[in-house]
Every structure is written in C-alpha cells, then in structure tokens.
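Note: hydrogens, waters and symmetry copies are ignored here, and every other heavy atom, side chains too, is used. In each ligand, atom 1 is the first atom listed, and ligand 1 is the first ligand listed.
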Amino acid sequence: MKLTDYFLPLKKDKPKEAEITSHILMLRSGMCQQSSSGIYSWLPLGKKVLDKIEKITKDEMNASGAIEILMPTIQPAELWIESSRYQDYGKEMLRIKDRNKKELLYGPTNEELITDIFRNNVQSYKNLPLNLYHVQWKFRDEVRPRFGVMRGREFLMKDAYSFDISEDNAKKSYNKMFVAYMKLFKKMGLSPIAMKAETGPIGGDLSHEFIIISKTGESDVFFDESLLDMQKLFDEIDYNGDLQEYINKYTSFYAATDEMHNPKETQNISGNLIKTKGIEVGHIFHFGQKYSKPMNATITNEKGQNLPVFMGSYGVGVSRLVGGIIEANHDENGIIWPKEVSPFMCSLINLNCDNEKCLEVSNQIYNYCNKKMIDVLFDDTKESIGSKLTTADLIGFPYQVIIGPKGVKNDNFEIKTRKTNKIINLSLNEIFNFINENMV
Ligand code: ATP
Ligand code: MG
C-alpha cells in the first residue's frame, strides 16, 4: 500500500481527551475516532489490528473444537425476564422499544440468547459436548467509559458457550477454554496470567480472569513471580489430552485479582509475590445450570432422564486487546507492534521522492514485498525526512526499510528493527534476503 493512496489521519499533538498511553497513541496514529462517549469508529490501521486479533482468537477457538455462529446485537427482553436478569442488569443495559412497543435490548452478553438457541435445537446427550461461539459487538452503558477502546460502551467481544451432560464434563469444557486462552493471548505477543476471579453478574462457582500486566491496568493483582515462566507449559498441549494435570500444575501457583486476594494463602509461595496492576483481557466462567434451569434447557441422558444442561461462558475482549497490546508494547516514540498483530509488517521509507534512483530502488523493494504477499506501507509522500521517520516510529511496524540518496550511491541501506531500535546496513541484495528471512 502506498501512503499517498492510504487513509492515515495522523494527529501531531497529544489529544486532549486521552489520559493513558495506548489511547493517546491510537488517536495520534489515526487508528480510531470517538463518535460519542465510549463509542468508536475504527479507521484503517485500527481495523487491521482488530481483524488480526479476531482471527487469532477464532483460529484457536476452532482448534479447540468450538464452532462459530453469529447472534444478533439486538435481543428480546423476554429471554432476560425468563432468566431473571432483566431487572438485575440495571442501568448498564441499553433498553430499546420498537414501533410495536416490543421491549428489546442491545446485548451486553449472550447467555440467554444462546440458551434459547440450544433449547430449540438440542435435546439429546448425543449432540454433546457442544461449544458455540461468536464475535459480536456488545453494549454496556458503563458508568465511566474511559481509556479509549479499553473501557468502551460499545465493544467487540468473542463469547463462547459450552454445553455438557454433567458437571464433570462441563469442567472438561472449561479446561479446554482455559488452555485455549493461554495459547491465544500468547499468539498475540502477550504474557497472560490466569487468576482466580469473582463471577459477578454472570454467576457460577468457578472462574478465571486472564490478565496482562500493565501499570495502567484498572485492577490490583497479586501473583507468584514463577508464573511468568509457566506460559510455555501450554505451548504443546493437545486439546484431546488430559488438560486437568496441566491446569492443576499452573493453578498451584498463587494468582488472584483484588477481590479474591487472600494474604493468608500467600505465606508459603515458592517465588516472589508480585503486586501490580493488570488489564483483564479474558474471563471464563463455569456456572452449571444457572440459566438452563430457569429457561428450561434440558437434555435427556443415556438413562433417558431429563435434566438441565451444564454450561459455561468464555469471553475475550477483542477491541480492549488493541489498547492492551499497545500498553504492553510501546516506547516514548510510539507503538511497537508484535509481528503477529501488526497492521503492516514493514514501513518502506523513500527519503527523497524527487531522486530517480531512490524511486527506482524503493519501487523494486515495494514490488518484491507485494509479490511475496508481505504487507508493506510505502511512504512515498513528500514530507520531510524527520517527519517520515517520526511517523514510522509512531505507527510502529516491526521493520523500517529506509531508502535515501546516500544509500543508493553506495548500495548500502538502513533497516531498523522497531523493537530494539537497532539499525543495520545492508546492500539491496541483502535486503531481499533479510525480507525473506524475517518478514515472510
Ligand atoms: P470489567 O471487569 O473490565 O468491567 P467484565 O468482567 O464486566 O469486565 P466480562 O463480562 O467478563 O467483563 O466480559 C468479557 C471480556 O470483555 C472482559 O474480559 C473484557 O476483556 C471485555 N470487556 C468487558 N467490558 C468491556 C468494556 N467496557 N470495554 C471493552 N472491553 C470490555
Ligand atoms: Mg470479567
């Protein structure tokens, strides 16, 4: 993509409405724009990241055996009256009446709707286990929307729902999601820590939050330092194996959010106890028959008995992750995108667009990247050298290939790795090798 053809509305100054780094950087790099409090439009750079996070999430859900569907954003109030959550949800819920005075709502979560789909379509244990998920916009009329997309009112969530014939089987489904979450956050370049958590309005008796560490996080978290090293435990796990063993090992280390923290339990932990701030990027719940009972979602088991199905629900904050990843990956000059979610792999910067040689070499590299399907943003604008380099650091793609008049004269060009800020000098031929080795 050539920058002169692209839509990248950069902002030079620190936006007044933003308090934290990720929000400032998202606005300055033209990733999103607020349309009303806590509601955002996603501009091209932001949309690309959102899509990548969504894809990594879906791929891991599919690998775990979950099946994608799509439920609507607007739900009928009746279902929430059936589960008794219609009143409880209070002012967070956006309630709507249609022209026939029918009460509707913009879904803050989907336990009721999925339970309705289940009871209308599944009656027998033979169809279980089942895990259905979707990625869909949610609305919660948060008291204090802030931190940009991290605490929005409208936000994108991946939510999955599991159905099982027994408590034991439901725990197995829960374990699969636990493992999937450890894997998928890591694939986004993050180091998640799973922590014992409260169940809140979703309800239930077993729940973990997946937290990334950041000083701008909204919640206090406590964990055994050894856990930072335990992520690799989940790398090679096969979903069909015995997951409980791994989870027991992981959860034997202390980790708890503020609400669940108990200093008594931390007295004999093996490593250092760390107290810090964290961002909740995912949350999983096992809640058994909490919704299936009042909503009468029953199945017949092998003995022919009829019983309410056992359920769990599992959320990933897809749009919150865009901000969360920036919180975990930036420096004073801008964003440092992990390769896996970066909107482009590389900035190709032509320092002098009036120099024919520079143009020729830049075009050669640009065409090569396109042929290799490498997503490159080619800065072919007439901006000053300083401004081009500042922009490249701000938008933070993993690599910058810099083409200037001195370089073409000596066949000696600069390539910068954004993460280390290290610059190496390569000939044009070596650049092609570098591209093959690092960007394909
Ligand atoms: P929080 O404690 O941050 O308010 P929650 O516990 O109410 O979140 P869940 O119901 O667990 O949220 O939703 C699943 C995931 O959706 C959360 O882990 C989070 O990543 C994301 N999420 C929840 N609320 C918001 C929001 N207002 N803006 C962006 N993402 C959100
Ligand atoms: Mg939560």
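A donor-acceptor pair under 3.5 Å is absent between the side-chain atoms of N301 and the main chain of L307, judged by distance alone. S342 places no side-chain N or O within 3.5 Å of a backbone atom of P338 that could act as its donor or acceptor partner. Using a distance-only test at 3.5 Å, with no hydrogens or angles considered, no donor-acceptor pair links the side chain of N100 to the main chain of K102.
Ligand 1 lies out of reach of L156, whose nearest heavy atom is not under 4.0 Å from it. The shell of residues lying under 4.0 angstrom from ligand 1, judged by heavy atoms, includes G282. At a 4.0 Å cut-off, at least one heavy atom of V281 sits close enough to ligand 1 to count as contact.
When the options M157, R140, R151, R146 are ranked by their closest heavy atom to atom 10 (O) of ligand 1, first place goes to R140.
Residue S319 has no nitrogen or oxygen atom sitting less than 3.5 Å from a nitrogen or oxygen atom of ligand 1, judged on distance alone. Residue-to-ligand polar distances keep E209 apart from ligand 1: every N/O pair is separated by 3.5 Å or more. Of the polar atoms of G152, at least one N or O is found under 3.5 Å from an N or O of ligand 1, judged by distance alone.
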Does the ring-ring contact (aromatic ring centres under 6.0 Å, His included) test come out yes or no for H261 and F222, once each step is laid out? CA-CA 7 Å; H261 178 52; F222 303 81; 3.5 Å; yes
Could you please spell out the steps behind the ring-ring contact (aromatic ring centres under 6.0 Å, His included) verdict for Y399 and F344? CA-CA 9 Å; Y399 301 104; F344 290 88; over 10 Å; no
Pair H208, F178 - check ring-ring contact (aromatic ring centres under 6.0 Å, His included), show working. CA-CA 8 Å; H208 286 91; F178 190 114; 5.1 Å; yes
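Distances below 4.0 Å separate heavy atoms of G317 from the following atoms of ligand 1: 16 (O), 20 (O), 21 (C). Those atoms of ligand 1 that come under 4.0 Å of a heavy atom in E142, given as number and element, are 24 (N), 26 (C), 27 (N). Interface atoms of ligand 1 facing V149, defined by a heavy-atom separation under 4.0 Å, are 29 (C).
For the residue pair H286 and S207, no side-chain donor N or O sits within less than 3.5 Å of a side-chain acceptor on the partner.
Neither the backbone nor the side chain of D159 has any atom closer than 4.0 Å to an atom of ligand 1 (non-hydrogen atoms only).
For F287 and Y291, the ring centers are positioned less than 6.0 Å apart.
The Mg ion (ligand 2) is the vertex of the angle joining OE2 of E280 and ND1 of H283, which measures 100° to the nearest 10°.
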